[in-house]
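Everything below concerns the one structure shown next.
Owing to the predicted nature of the structure, the values given are computational and were not obtained by experimental measurement. In the text below, chain A, chain B and the rest are named by the order of the sequence lines, each starting its count at 1.
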Amino acid sequence: MSKNYKRYTVTSALPYANGPVHIGHLAGVYIPADIYVRYLRSKGEDVKFICGSDEHGVPITIRAQKEGVTPQQVVDKYHEIIKNSFQEFNISFDIYSRTSSEIHAETAAGFFTNLHGKGIFEEKTTEQYYDEKANQFLADRYIVGTCPRCGNENAYGDQCESCGSSLNATDLINPKSMLSGEKPVLKETKHWYLPLDKYESWLREWIIDGHKDWKTNVYGQCKSWIDGGLQPRAVTRDLDWGVPVPLEEAKGKVLYVWFDAPIGYISATKDLTPDWEKYWKDEETKLVHFIGKDNIVFHCIIFPVMLKAHGDYVVPDNVPANEFLNLEGDKISTSRNWAVWLHEYLEDFPGKADVLRYVLAANAPETKDNDFTWKDFQARNNNELLAIFGNFINRAVVLTHKYYGGKVPAKTELQPADLVVLDELKAFPAKIGDLIERYRFREALSELMNLARLGNKYLAETEPWKLIKTDEDRVKTILNIALQIAASLTIVAEPFLPDTAKRLAQMLKIKPDTWAAAGGQDYLVADHQLGEAALLFEKIEDATVQAQVQKLLDTKKANQLANSTVAPAKENITFDDFSRMDIRVGTILEAEKVAKTKKLLKLKIDTGLDQRTIVSGIAEFFDPAQIIGQQVSVLVNLAPREIKGIESQGMILMAENADGSLAFVQPSSAVKNGSGIS
RNA sequence: GGCGGGGUAGCUCAGUUGGUUAGAGCACAGGAUUCAUAACCCUGAGGUCAGGGGUUCAACUCCCCUCCCCGCUACCA
C-alpha cells in the first residue's frame, strides 16, 4: 500500500462554472490540496496540480436561457471569476483549464471511442419527452408543468420548487416544453451505458480490501454504494451543450457531464504538458483527488471504473474527501446567498488572503461538518496569527535590530536549554510533513503554530532584554537561535501561508529554500543582514467583523422577505370547474405510520359516505395518536391511487405554512361527517 | 424508512490497533513579565465522552438498543 512513488498527480474538484466560489469550496477542497502540493514541491517531488472549470451540463444551459445569453457566455463569465479568485488566494495550480476547450473535447471523445471500441458500453433505448417544434429531446429541467402534488403550475420535470417534491418528467400534468411552449411527445431515444455492475468485484478488491487506509467517511460511503448494488449509468444525453458523442448514429447527443468532467483532469494535464502520459499512465505515479463529500461516488466508483475499463490509466491512490463547512450555524447555500464569496472577501479584506487560508485550514471539515463564524475568524487572526506567529517574528527581529543593527549574531556557548530548543526545532519539519502526507492539515497547521510558540517561550524564558545588561554573549546565542526558528518558519509556513512566508523571507532577506533546509540550526549564518521589521498581520477590529455579520443578517432578512411573498393567484376557472370537486368533512378514525416511509400516514376516514383509507404525506408534522377524532376536509372524488402498496382513496386538504409545516383545513365547530364544502 | 458519517470542556475540535489521571486552541480565573501589535510566558478551574444495556481484569474505543445532527436515497395525489 505504501508504494514508493516517483511523481504525483494531484487534482482538485472542477468547480461548476455557473456561479462563483465560496469559502466552503476553499476549505473543503482547494486549500487542503494546495497545502499538500506546496509541501510536495518544497520536498522537491515531481508533482502536477490540476484543476479547471466544469462547463457542461444542463444547469448551465438553463442559466443561459434565463439570462438570455449563450451557455458559452455563461461559462466564460464564471470561468474568469473563479480563476481569478483562485489566483488571488494563491491556489498554485500548475494549470487551470476548462472543459469547453478544444483539447478537452478531443480527449473526452477519444476516451469514449476507446471504451466503445472495446465493447464496454451497453446500449439501451428508452422513451423521453421530445419537442417536435424545436426538434430536440428535453432534459427534465426543460419541461414545466403543473405539480401533481401542490398544483404549482411552474414545476420542473425533475423537481417542484414550490413544494420541494422531486418528480419525474412524466408525472407533470400538462407538460410544456420550455423551448417552444408546445406539449412534448414521448419518443424513443438510444443511449450508451457504463455497466458499473460488471466492475463490482474489482471495486471490492480495490477499495473494500485494498484501501482500508482511506478516510472513514470515504470508505464507508463507497462500501455503502457497492453493497447497495451498482447499476449501469448512461454516459450520453440528448442535449446540444457538451462534447458531441463521436458516433455517426449519435447526432445531437453529447457526453453526459459526469462522464466528461473527470476526463477534464486528463485533458487539463494534456493542456499543461506534452509529457502528460507520465502523470496518468505510469504505475509509479500517485494520483490523489481532493474533493467534497458530494463527489465521493464519482471519484471513488465511477471515474475509477472508467479508468480501469480503459486499461492504460492508473487509479487514485487516495481520495481525501472533506465534509461540508457551515456558515454561522446554517448550511452554505448559493441560491439563498448564504455564503462568503471569495471575490467579495478580497474586496473587504484586501491583502488578507492568508488570514482566510489560515482560518479555513484550521477549521477545515476533515472529519465532520464544521462551522465558520466571523467571531472565530477574528479570534484566530488576533489570538493566533498575530499574537503568536506575528508577535514572535516581530520580537526576534526588533531585538536583533536594537542590539545588533539587524545583523544575525553568532552563537557562543550553547547551554542545555538551547540544545533542547534546537532539537525541538529540528523535529518540527518532519512532524508537520508527516501530518500533511496523512492529509491531516488541521493538525499540521497547529504544529506550525507550536513552532512559533516554541520561539515565544524560548524568548520568555531566556529574557534576552534583561541579559543584555549583564551577559551580552548569551544574548547573541539566544537571538541567533530565535532567528533560526524564524527562518525555518519561512519554509514550513509556506504551504499554508504563502504570502506571509514570502514577506517573512523578505524581512529576513533570505531566499526560499527547500523543506530539507527547515529545522536547521545554521540556516541563517552569522553576520547576515536582516531587513527592516514589518508587521506580518494586523489586528481585526470588532467593528470589521460586525459589519460582515450584519451583511449576513441582511441576507437572512432578505430571504425571509422573499419567503413570505405569497404565490400569485392561478388562472381563473369557472364555477363549473370548481363544482366538479366533491369536498366533504370527515373524521379521522385511525392513523398509523406507513412502514419504511418518513412522510406517509395511513388514515381511516369516516366521510359520511363510507369509511375509507387515505394515504397522506403529513407524518412529519402529526403524531398519529394525536389526530384521531379530528375533523378534516377530504376531496372524495379524486381518482384512487396506489401509494406504497396501499390504495389511497382521496386526499386530505392541508394548508401549508411558509416554513413548509402543515395544518388541517377543518370546520370551526363540529359538523356532521359527509357535510359538503362549497 | 434504507445506507453512510457524526454526537467528547462554555465554543471549535483531537483522541490512531481497548490499557494508568480523556487532550489542544479559544474564552474564563489567578500569577509572572515589559523585547513585542495590552501581545507573549506560567498555573488553574472546567467532562455522567448523547442515553441505556452487554462483552472484558480493563470501554470514549468493541457489540446491541434508543435519541439527536449532516449527507445520499425512497416515499408525498
Could you check whether Thr373(A) gets within reach of a base, just the sugar-phosphate, or nothing at all, counting any heavy atom under 4.0 Å? nothing

Sticking with atom C1', work out how far C3(B) lies from G44(B), rounded to a whole angstrom. 46 Å

When you measure from the centre of the six-membered ring of Phe428(A), is the NZ or CZ of Lys431(A) closer than 6.0 Å and no more than 45° off the axis? yes

If I take atom CD1 in residue Ile393(A) and atom C1' in nucleotide C40(B), what distance separates them, rounded to the nearest angstrom? 13 Å

Across the strands shown, which category fits Leu536(A) at heavy-atom distances under 4.0 angstrom: base, sugar-phosphate, nothing? base

When all nucleic acid strands are considered with a 4.0 Å heavy-atom cut-off, which category describes Lys223(A): base, sugar-phosphate, or nothing? nothing

Can you tell me, in whole Å, how much space there is between the C1' of G25(B) and that of C64(B)? 37 Å

C1' atoms of U61(B) and G7(B), separation to the nearest Å: 15 Å

Without hydrogens or angle criteria, can the side chains of Gln484(A) and Asn480(A) be said to hold a donor-acceptor pair below 3.5 Å? yes

Would one find a side-chain N or O of Lys539(A) under 4.0 angstrom from OP1 or OP2 of A39(B)? yes

Taking the same atom, P, in U33(B) and in G15(B), what whole-Å distance lies between them? 39 Å

What contact category does Glu461(A) fall into here, base, sugar-phosphate, or nothing, at under 4.0 angstrom with non-hydrogen atoms? nothing

Measure the distance from CD on Gln231(A) to P on U73(B) and round it to the nearest whole Å. 14 Å

OP1 or OP2 of C26(B) sitting under 4.0 Å from any side-chain N/O of Lys375(A)? no

Quick one: Asn391(A) CG to C40(B) C1', roughly how many Å, whole number? 6 Å

Between G54(B) and G18(B), how far is it from one C1' atom to the other, in whole Å? 15 Å

Audit row: Glu472(A), Tyr404(A), side-chain hydrogen bond (donor to acceptor under 3.5 Å, both in side chains) steps and yes/no: CA-CA 11 Å; Glu472(A) 212 225 306; Tyr404(A) 300 106; 3.0 Å; yes

At 4.0 Å (heavy atoms only), tell me whether Leu535(A) reaches a base, stays on the sugar-phosphate, or touches nothing. base

Starting at atom CH2 of Trp465(A), determine the distance to atom P of A36(B), rounded to an integer number of angstrom. 10 Å

Distance check, P atoms only: C63(B) and G19(B), in whole angstrom units. 15 Å

Short question: side chain of Asp54(A), backbone of Tyr16(A) - any donor-acceptor pair under 3.5 Å? no

Under 3.5 Å between N/O atoms: give me all the protein pairs with nucleotides 61-69 of chain B, atom names plus distance.
none

Rounded to whole angstrom units, what separation is found between the CG atom of Asn326(A) and the C1' atom of C70(B)? 8 Å

All N/O pairs under 3.5 Å across the protein-nucleotides 8-12 of chain B interface:
| from | atom 1 | to | atom 2 | distance (Å) |
| --- | --- | --- | --- | --- |
| U12(B) | O2' | Asn363(A) | OD1 | 2.8 |

Asp294(A) CG to G4(B) C1': how many Å, rounded? 14 Å

Arg453(A) CZ to A39(B) P, straight-line distance once rounded to whole Å: 15 Å

Walking RNA chain B from its 5' end, the first of Ala379(A) and Arg440(A) to be reached, judged by nearest nucleotide, is Arg440(A)

